[in-house]
Colleague: 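Take this structure first; my questions come after.
The basis for the numbers below is simple: all heavy atoms, side chains too, and nothing from hydrogens, waters or symmetry mates. Within every chain, numbering begins at 1; the chains are lettered A, B, ... in the order of the sequence lines, protein sequences first and strands thereafter.
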Amino acid sequence: VTSTTDTAEHPEVTELSDLTEGLLPPSRTSDVRQHLDECPLCADVYASLEEIRGMLGTLPGPPRMPAEIAGRIDAALAAEALLSATTPQPGAESTATSTSSPSPKMGEDNDAHVSRETAPTVDRPAGRPRAATGPGRPDRKRRARRRTLVLGTVFTAAALGLGTLLVQSMGDNDPGAPEAAHSQDVSTFSGDSVKNQVARLLAETRQKGNPPGNKDSFGAATKPGTPGSTADGHTLSTTNVPACITKGIGRLYADPLASKEGEYKGAAAYLVVLPDASRIDRVIAYVVDAACVGKTPAPPGDVLAKHSYPRSTAVESTGP
Amino acid sequence: MADGADYGGVGDQDLLARHVEGDPEAFGELVRRHRDRLWAVALRTLGDREEAADAVQDALVSAYRAAHTFRGQSAVTTWLHRITVNACLDRARKAASRKTSPVDDTERLEQLLEPHESASAPAERNDLHRQLLEALGTLPADQRAALVLVDMQGYPVAEAARILDVPTGTVKSRCARGRARLLPLLTHLRADSGGEESKKSAGRRNRTHGTSVPTAAGPQDAGPSDSAAVKGGGGRA
């Protein structure tokens with residue numbers, strides 16, 4: 001193709017546009033440039049293409065994300081934090097590994113999957129309590145059931161997320177003997193220490209890294225109980241809350257976050273931590289008289305004390 | 001202390017690492033740092049406020065979940081943009097398959113010019129912007145995304161290539177094709193406005209050589225929104 005001003009030889013507009021980006025092969029580039037020099041019409045098209053580029057660059061943009069959209073996204077992320085907090089996977093790796101280990105999943109090619117939310121289940125390192133609010137996605141098959149556990153576990157997660165230092169140190173110093181710590185501490189729930197007990201309980205429950213089965217039995221534990229039943233066996237769970245204690249609290253369908261046997265004002269009692277049904281950022285701790293335990297039929301235990309704690313309070317008062 | 005004040009000196013990558021380690025505030029800080037730019041890209045790519053909001057939300061939730069897979073081979077901001085643009089392109093393709101152009105009515109276009117522009121700019125310029133955005137909405141999504149990143153948002157071609165996960169040459173090509181498709185619009189505007197330089201160039205060209213010099217409506221890359229603005233040249237408004 002030789003360049004000429006004959007109209008039949010005008011380069012395509014796309015060619016002119018390609019020329020601006022240096023996309024034409026060298027030989028064609030020189031031909032088209034020569035044509036541009038001789039053809040005012042095409043030179044004008046060429047200039048117009050540049051003008052379009054300039055116009056696009058000067059379009060007034062949307063200045064900032066509108067506040068209501070930013071809020072909506074924050075809420076979605078908060079919900080995501082709750083969901084991911086419900087899926088602790090046993091068999092943890094160290095957090096150090098998790099941040100540096102190159103996972104070939106996400107790189108240059110697979111992000112499309114992410115945006116389509118079809119990413120395969122990730123092997124998230126979550127056994128460590130610090131990862132309680134970290135990322136990770138629930139196995140889809142189990143998500144529905146886990147949702148029922150969200151409220152129960154999120155408080156644990158929230159408390160731990162804010163109390164990472166405490167949790168971490170407990171885990172490192174006492175990795176093998178959570179049970180020992182559990183029973184050795186059975187003394188009092190009195191006054192200020194109820195707070196500390198609550199925070200520590202939540203931390204320990206998490207620290208123990210419930211084996212896979214536990215979660216489910218935990219979740220189902222209180223379900224069979226009906227107000228009139230004496231189904232003690234069913235209501236016993238990993239948290240070992242006798243049925244009469246649960247009855248005394250009166251929230252048969254709430255999964256305890258944690259519980260503990262101990263003494264309160266000189267008498268045997270249970271400390272049971274439940275989600276606050278009305279406040280997502282709070283937990284309620286019940287101290288229930290253990291006198292009912294073992295009686296047949298067992299009367300509901302007397303609630304000796306009931307405290308609501310913001311999740312932050314539960315943490316900040318529990319320095320080692 | 002839930003705000004980003006205490007993250008002042010912390011880099012994006014450190015923030016992401018902290019998020020992976022369980023810092024409940026770190027990801028929020030990342031979002032605060034980048035959401036406005038992600039929003040601008042999404043809104044301009046999709047041309048619809050609700051769609052853009054959904055796309056950014058999907059993208060950030062995905063990023064939240066997948067943060068531990070971030071390999072650090074690109075900047076965090078690139079990674080966030082990539083996920084966002086992918087989410088936008090998904091939505092744009094779905095919208096195209098529904099046979100509705102993402103940018104297809106005046107109300108939506110008004111949103112894109114919000115807020116200062118529609119109020120204070122001269123009407124003529126305002127109108128030009130609206131028509132430009134309208135024409136942009138008729139481009140294939142790939143071309144639109146490239147133009148949004150490079151021409152509108154001013155990202156370097158190399159960065160746009162990383163975001164779009166294509167070679168730089170592809171980005172340039174999409175930009176070039178996209179601009180070529182927008183050319184008939186500019187020609188039309190000039191012919192209509194009757195102002196300054198308009199007659200001497202495009203108008204004359206349209207009258208005398210309208211057929212000999214092809215418009216951008218070539219057979220190439222006929223996307224789902226290969227519509228009137230491209231072929232018609234002067235058919236709009």
Colleague: Quick check: closest heavy atoms across A:Ser17 and B:Arg177, and the distance to 0.1 Å?
Modeller: OG-N, 4.4 Å

Colleague: Checking heavy atoms, do the side chain of A:Glu68, its backbone, both or neither come under 4.5 Å from chain B?
Modeller: side chain

Colleague: Do the charged groups of B:Lys172 and A:Asp18 touch, with an N to O distance under 4.0 Å?
Modeller: no

Colleague: With chain A as the partner, which of B:Leu38, B:Val31, B:Leu60 has the greatest number of non-hydrogen pairs under 4.5 Å?
Modeller: B:Leu60

Colleague: So for A:Leu49, is it side chain, backbone, both, or neither that comes closer than 4.5 Å to the heavy atoms of chain B?
Modeller: both

Colleague: Run the salt-bridge test on B:Asp54 and A:Arg72 with the 4.0 Å N-O cut-off and return the result as yes or no.
Modeller: yes

Colleague: Might you point out which heavy atoms bring B:Leu182 and A:Leu56 nearest each other, and give the distance in Å?
Modeller: CD1-CD1, 4.1 Å

Colleague: Under 4.5 Å between any side-chain heavy atoms of B:Leu43 and A:Met65, yes or no?
Modeller: no

Colleague: Contact between A:Pro66 and B:Arg49 at the side-chain level, heavy atoms closer than 4.5 Å - yes or no?
Modeller: yes

Colleague: Calculate, to the nearest 0.5 Å, the distance between atoms CZ and CG belonging to B:Phe27 and A:Leu77 respectively.
Modeller: 6.0 Å

Colleague: Given the rule in the side chain to side chain contact (heavy atoms under 4.5 Å, CB included) test, do B:Met152 and A:Leu59 qualify, once you have shown the distances and angles that lead to the verdict?
Modeller: CA-CA 7 Å; B:Met152 298 177 84; A:Leu59 270 183; 3.3 Å; yes

Colleague: If I compare all heavy atoms of B:Gly169 with all of A:Leu23, which pair ends up nearest, and what's the gap?
Modeller: O-CD2, 3.8 Å

Colleague: According to salt bridge (charged side-chain N to carboxylate O under 4.0 Å, His left out), does anything in residues 145-156 of chain B pair up with another residue at least two apart or in another chain? List the pairs.
Modeller: B:Asp151-B:Arg179

Colleague: To the nearest 0.5 Å, what is the distance between CZ (B:Arg181) and CD1 (A:Ile52)?
Modeller: 13.0 Å

Colleague: Could you grab the distance from atom CZ of B:Arg32 to atom CG of A:Asp74, nearest 0.5 Å is fine?
Modeller: 7.0 Å

Colleague: Test side chain to side chain contact (heavy atoms under 4.5 Å, CB included) on B:Cys175 and A:Glu21 and set out the steps.
Modeller: CA-CA 8 Å; B:Cys175 287; A:Glu21 291 291 347; 4.3 Å; yes

Colleague: What part of B:Val56 lies closer than 4.5 angstrom to a heavy atom of chain A: side chain, backbone, both or neither?
Modeller: both

Colleague: Would you please name every residue forming a ring-ring contact (aromatic ring centres under 6.0 Å, His included) with A:Tyr46, sequence neighbours left out?
Modeller: none

Colleague: By a 4.5 Å heavy-atom criterion (distance strictly below it), what part of B:Leu147 contacts chain A: side chain, backbone, both, or neither?
Modeller: side chain

